[in-house]
There are 2 protein chains.
Amino acid sequence: MAATIEPQLLTESTQDYLKAIYELTQAGGGAATSSIADRLSVSPASVTNMVQKLAERQPPLVTYRKHYGVELTNEGRLAALRTVRRHRLIEQFLTHVLGYSWDEVHQEAERLEHAISPLFEERLAILLGEPRFDPHGDPIPDANLTLPDSCALPLYRAAPGQVVRVCRVRNDNPALLRYLDELGLRPGLRVRVISSQPVDYTLQVELVDYDKQVVLGQALGEAVMVEAI
Amino acid sequence: MAATIEPQLLTESTQDYLKAIYELTQAGGGAATSSIADRLSVSPASVTNMVQKLAERQPPLVTYRKHYGVELTNEGRLAALRTVRRHRLIEQFLTHVLGYSWDEVHQEAERLEHAISPLFEERLAILLGEPRFDPHGDPIPDANLTLPDSCALPLYRAAPGQVVRVCRVRNDNPALLRYLDELGLRPGLRVRVISSQPVDYTLQVELVDYDKQVVLGQALGEAVMVEAI
DNA sequence: GCTATAATTTAGTCTAGACTAAATTATAAG
DNA sequence: CTTATAATTTAGTCTAGACTAAATTATAGC
């Protein structure tokens, strides 16, 4: 059982790196220097530099082999999850309490996640009713940093004819989020797949709740995650 | 009319220095290097260094003459007021929405004030109903950075026999705040001065609303500000 | 008006975390 | 198997904002 490291012992940058590595390795495998650099808008050299420090810390927060990418240690993973919890609680707060729109929350949460105390985190979670998912449908780790299960089927892989429920929307692209918001394609919505083009990943779907048909391109089909009903 | 400088153009440290100078010069006159150093828990040399930078900026944020202390320029004052507004709005939020106690809010607000966006500030003010005073009774600058009038009579200067209303409590000492909170001595409370000792500043007062008598020493008599009813 | 003391400033260091340019290593194509 | 290209790492710089130690200036007491 690894002791969890209190966030105030980690600098903002450190937390940002851990969170980036966590998110990049969700898909499996190690995170490449250049993809971390991209995500944090930082030069690859800076990443190498920081990653070496993270690996040399006691306890180490990442494992690192030159030229082969980085993975989180258990301590690193827990620290990342703590930041993810804060980020997603704050997103939930921003939409539900302060009336932010979907696409505005990410940036704001990105700064606030580093400024709140453990007490704030706890009180916020209570105020929001210990939510298990944020506004994009991303799972919020609980106070013990356990993640609830969340769906993993991208809409473009759903079988034609099937009716599914949107449970999550990839949130790295504000413009895309705004468009999905316009369509009403939010977590909870039911969708029937009318046709699915395997070659160019174009979809024709019916938004069952609005009785409306729309066509979605590859980016949208990949961004919307669904579960069977 | 000086253009106001957006907070995101100022580093956290810069905002901290400006706010400290603002608060220290409220009493009138310039702020001494050592008093700024004390307030920010930083060495006097660091203060000299930073103050010189603030004076050399375009536009300058402070006026500075070696060995004679610092004052804010109008630009500096507006920037400080912006931070003060954020700080006090956040304090109000922490007590009214997240259920923080009086003495817990300051530290938390101290970090959050640097992490919020103009949108957050605006939404928060709306959520809270554009409050004019924070939980300690300190005036909150409005969106144009105008300060509401606030009372300035310390309790120990009120005439014996007079009934006054608490309107503000100095908030630099958490232990003192906790004690005042226990007594119920909060903004809004009515107090009758029974006796006032001019030599050692000891007070005997009646808390009219609770029908209770208490004795207050110098620190408390100075910390509680009142207005005539 | 001098002098001891306190306050302030100067000068020089340090650290975190970014950067660029150059060197190295891995990979894909022939 | 070699080589061109892409990715990564190394080496060396830079900046903000802190520090300490030493030098300077102001002030209070005689």
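Each chain gets a letter, A, B and so on, in the order the sequences are listed, and its residues count up from 1.
Checking the phosphate oxygens (OP1, OP2) of D:dT10, no side-chain nitrogen or oxygen of A:T48 falls inside 4.0 Å. Phosphate contact (OP1/OP2 of C:dT9, side-chain N/O of B:Y64, threshold under 4.0 Å): present. At the phosphate of C:dG17, neither OP1 nor OP2 sits under 4.0 Å from any side-chain N or O atom of A:S46. Between D:dT9 and A:Y68, no contact under 4.0 Å exists linking OP1 or OP2 to a side-chain N or O. Contact annotation: B:S43 does not reach the phosphate of D:dT20 (side-chain N/O to OP1 or OP2, under 4.0 Å). Applying the 4.0 Å criterion to OP1 and OP2 of D:dA7, one finds that A:K66 has every side-chain N and O outside that range. The shortest distance between the side-chain N/O atoms of B:T11 and the OP1/OP2 oxygens of D:dG17 is below 4.0 Å. Taking 4.0 angstrom as the limit, A:T33 places a side-chain polar atom (N or O) nearer than this to OP1 or OP2 of D:dT9.
Residue contacts for B:V42: at a heavy-atom cut-off of 4.0 Å it reaches the sugar-phosphate backbone alone, with no base atom in range.
With a cut-off of 3.5 Å on both pairing distances, the Watson-Crick or G-U wobble partner of D:dA22 is C:dT9.
Side-chain atoms of A:Q218 and A:E222 include a donor-acceptor pair closer than 3.5 Å. Counted by atom type alone, A:E108 and B:S117 present one or more donor-acceptor pairs between their side chains at under 3.5 Å. Side-chain atoms of A:D134 and A:H87 form no donor-acceptor pair, as typed in the model, at a separation below 3.5 Å.
Along DNA chain D, the nucleotide nearest B:Y17 and the nucleotide nearest A:A32 are compared for position; the residue whose nucleotide lies closer to the 5' end is A:A32. Both A:S13 and B:Q52 lie close to DNA chain C; mapped to their nearest nucleotides by heavy-atom distance, the more 5′-ward contact belongs to B:Q52. Each of B:H67 and B:E12 was matched to the nucleotide of DNA chain D holding its nearest heavy atom; the match closer to the 5' end belongs to B:E12.
Taking atom CG on B:D38 and atom C1' on C:dT8, their separation rounds to 14 Å, with Å as the unit. A:K53 has its NZ atom 6 Å from the P atom of C:dA16, to the nearest Å. B:I36 has its CD1 atom 12 Å from the P atom of D:dA18, to the nearest Å. B:H114 has its NE2 atom 18 Å from the P atom of D:dA16, to the nearest Å. Separating the CG atom of A:L54 from the P atom of C:dA18 is a distance of 11 Å, rounded to the nearest angstrom. Atom CZ in B:R57 sits about 10 Å away from atom P in D:dA16, given to the nearest Å. Here D:dT24 presents its P atom at 20 Å from CZ of B:R65, a figure rounded to the nearest Å. One atom, CG of B:N49, and another, P of C:dC14, lie 17 Å apart when rounded to the nearest Å.
Taking the ring centroids of B:Y64 and B:Y17, they lie at or beyond the 6.0 Å cut-off.
Here the side chain of B:A45 is nearest to one of D:dG17, D:dT8, D:dA21, namely D:dA21. Taking only side-chain atoms of A:M50, from C-beta outward, the nucleotide of C:dT8, C:dG17, D:dA18 with the closest atom is C:dG17.
Using modelled atom types, one side-chain atom of A:W102 and one backbone atom of A:P135 make a donor-acceptor pair closer than 3.5 Å. In terms of modelled atom types and a separation under 3.5 Å, the side chain of B:R123 and the main chain of A:G99 share a donor-acceptor contact.
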